[in-house]
J.: 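One structure, as structure tokens, below. Some questions next.
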Amino acid sequence: DTAVSQTPKYLVTQMGNDKSIKCEQNLGHDTMYWYKQDSKKFLKIMFSYNNKELIINETVPNRFSPKSPDKAHLNLHINSLELGDSAVYFCASSQVARDTEAFFGQGTRLTVV
Amino acid sequence: RKEVEQDPGPFNVPEGATVAFNCTYSNSASQSFFWYRQDCRKEPKLLMSVYSSGNEDGRFTAQLNRASQYISLLIRDSKLSDSATYLCVVKEGGGYNKLIFGAGTRLAVHP
């Protein structure tokens, strides 16, 4: 049973297109995240939702819009894709309690051409 | 100053070696600390949490010094399978529950 699953695993698309990445967790966690890992392998937080409420929104272009229909799902929609959006996007989930770890999905490798 | 800073690496060590990674963090109010491991083209996975009193898990020992805002990971008797990138992770509280990652230190263990 996959704890955090995201789809698709690979996404190749042209500049200017709109695309979505979906994420689901079956761990019963109350917090979900989107992270971006760029070509230098640095993992940077983009968004965090707690019980469907947006609590962290880092300086991400507003072309990126997360949506959390319920606690178990956090989707990421990207409008007007740019070359610089090419990266691996990871979804993760955790509990808000202090010492709990985050579990990551397998990542979506987005390539914008 | 970066929020979480790590040794840049890469560390190239022979099997059986002992290797230590260091990490510093800037926010003194940080609540929890972890080491994650990331294999090539895979997602990060928890290696171990780091507790104030220090903790050990087999060949791995983690230490935390809150006064110096410093975290370390010691790997003894390195195995080929330890080759990966090790990520220092700090969890900020204040209701934000934000995990901040260091840039990672790459370890390559050779025969």
Side-chain angles (χ1 to χ4, degrees), chain A residues 2-7 9-10 21 23 25 27 29-51 53-60 71 74 87-111, chain B residues 2-10 23 25 27 29-55 57 62 64 66 71 83-108:
Chain A
T2 306
V4 182
S5 59
Q6 51 183 110
T7 55
K9 191 172 178 183
Y10 299 98
I21 308 171
C23 179
Q25 55 97 2
L27 298 166
H29 287 163
D30 56 13
T31 304
M32 295 185 73
Y33 311 82
W34 279 110
Y35 279 84
K36 178 180 179 180
Q37 189 166 43
D38 58 26
S39 57
K40 293 181 181 174
K41 309 296 183 193
F42 185 59
L43 263 166
K44 189 165 168 54
I45 191 166
M46 300 172 70
F47 302 103
S48 172
Y49 271 73
N50 179 259
N51 288 320
E53 242 186 89
L54 179 67
I55 54 170
I56 295 173
N57 183 348
E58 294 292 296
T59 48
V60 177
K71 268 177 32 169
L74 179 61
V88 182
Y89 293 84
F90 285 102
C91 175
S93 75
S94 76
Q95 275 296 109
V96 76
R98 191 179 160 119
D99 292 331
T100 53
E101 68 194 90
F103 291 81
F104 283 77
Q106 62 185 2
T108 296
R109 187 170 294 272
L110 171 65
T111 304
Chain B
K2 288 182 186 168
E3 294 172 285
V4 179
E5 293 207 62
Q6 294 186 238
D7 285 341
C23 169
Y25 59 96
N27 185 350
S30 298
Q31 289 191 341
S32 309
F33 310 89
F34 308 91
W35 283 100
Y36 275 70
R37 170 191 169 134
Q38 186 173 24
D39 293 290
C40 190
R41 300 179 80 86
K42 297 284 190 183
E43 73 272 25
K45 290 185 178 174
L46 180 72
L47 177 67
M48 58 196 302
S49 301
V50 187
Y51 301 118
S52 297
S53 53
N55 49 297
D57 183 1
L64 168 65
R66 282 189 184 269
I71 307 161
S83 298
T85 297
Y86 290 82
L87 301 160
C88 178
V89 184
V90 171
K91 190 174 189 179
E92 293 189 343
Y96 295 105
N97 210 34
K98 181 175 164 181
L99 285 168
I100 302 172
F101 284 74
T105 302
R106 184 152 155 63
L107 172 66

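In what follows, every chain begins at residue 1, and chains take the letters A, B, ... in the order their sequences are listed.
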J.: Would you mind telling me which of A:Gly107, A:Ser94, A:Ala102 has the largest number of heavy-atom pairs within less than 4.5 Å of chain B?
T.: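 That would be A:Ala102.
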J.: Using side-chain contact (heavy atoms from CB on, under 4.5 Å) as the criterion, point out the one residue from A:Tyr35, A:Phe104, A:Phe103 that pairs with B:Pro44.
T.: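 When A:Tyr35, A:Phe104, A:Phe103 are each tested with B:Pro44, the side-chain contact (heavy atoms from CB on, under 4.5 Å) holds only for A:Phe104.
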J.: Any chance you could lay out the side chain to side chain contact (heavy atoms under 4.5 Å, CB included) test for A:Lys41 and B:Gln38, step after step, and finish with the verdict?
T.: CA-CA 10 Å; A:Lys41 309 296 183 193; B:Gln38 186 173 24; 5.8 Å; no
J.: Find the distance between CZ (B:Arg41) and CD (A:Gln106) and round it off to the nearest 0.5 Å.
T.: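 Between B:Arg41 CZ and A:Gln106 CD, I get 12.5 Å after rounding to 0.5 Å.
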J.: Under a 4.5 Å heavy-atom cut-off, does chain B meet the side chain of A:Gln6, its backbone, both or neither?
T.: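 Contact with chain B: none, neither part.
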J.: Which region of A:Ile45, side chain (C-beta onward) or backbone (N, CA, C, O), has a non-hydrogen atom less than 4.5 Å from a non-hydrogen atom of chain B, or is it both or neither?
T.: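 Contact with chain B involves the side chain of A:Ile45 alone.
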J.: Which distance, rounded to the nearest 0.5 Å, do you find between the CD1 of A:Ile56 and the CD of B:Glu92?
T.: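 Answer rounded to 0.5 Å: 8.0 Å.
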J.: Checking A:Gln37 against B:Glu43 for the side chain to side chain contact (heavy atoms under 4.5 Å, CB included) test, could you report, in this order, the C-alpha distance in whole Å, the side-chain angles of both residues, the deciding distance, and whether it holds?
T.: CA-CA 10 Å; A:Gln37 189 166 43; B:Glu43 73 272 25; over 6 Å; no
J.: Determine, stepwise, if the pair A:Glu101 / B:Tyr36 fulfils side chain to side chain contact (heavy atoms under 4.5 Å, CB included).
T.: CA-CA 10 Å; A:Glu101 68 194 90; B:Tyr36 275 70; 3.6 Å; yes
J.: Between A:Lys44 and B:Glu3, is the salt bridge (Lys or Arg N to Asp or Glu O under 4.0 Å) condition met? List the steps.
T.: CA-CA 11 Å; A:Lys44 189 165 168 54; B:Glu3 294 172 285; 5.8 Å; no
J.: Just verifying a value: how many Å separate B:Ile100 CD1 and A:Leu43 CG, rounded to the nearest 0.5 Å?
T.: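 One finds 12.5 Å between CD1 of B:Ile100 and CG of A:Leu43.
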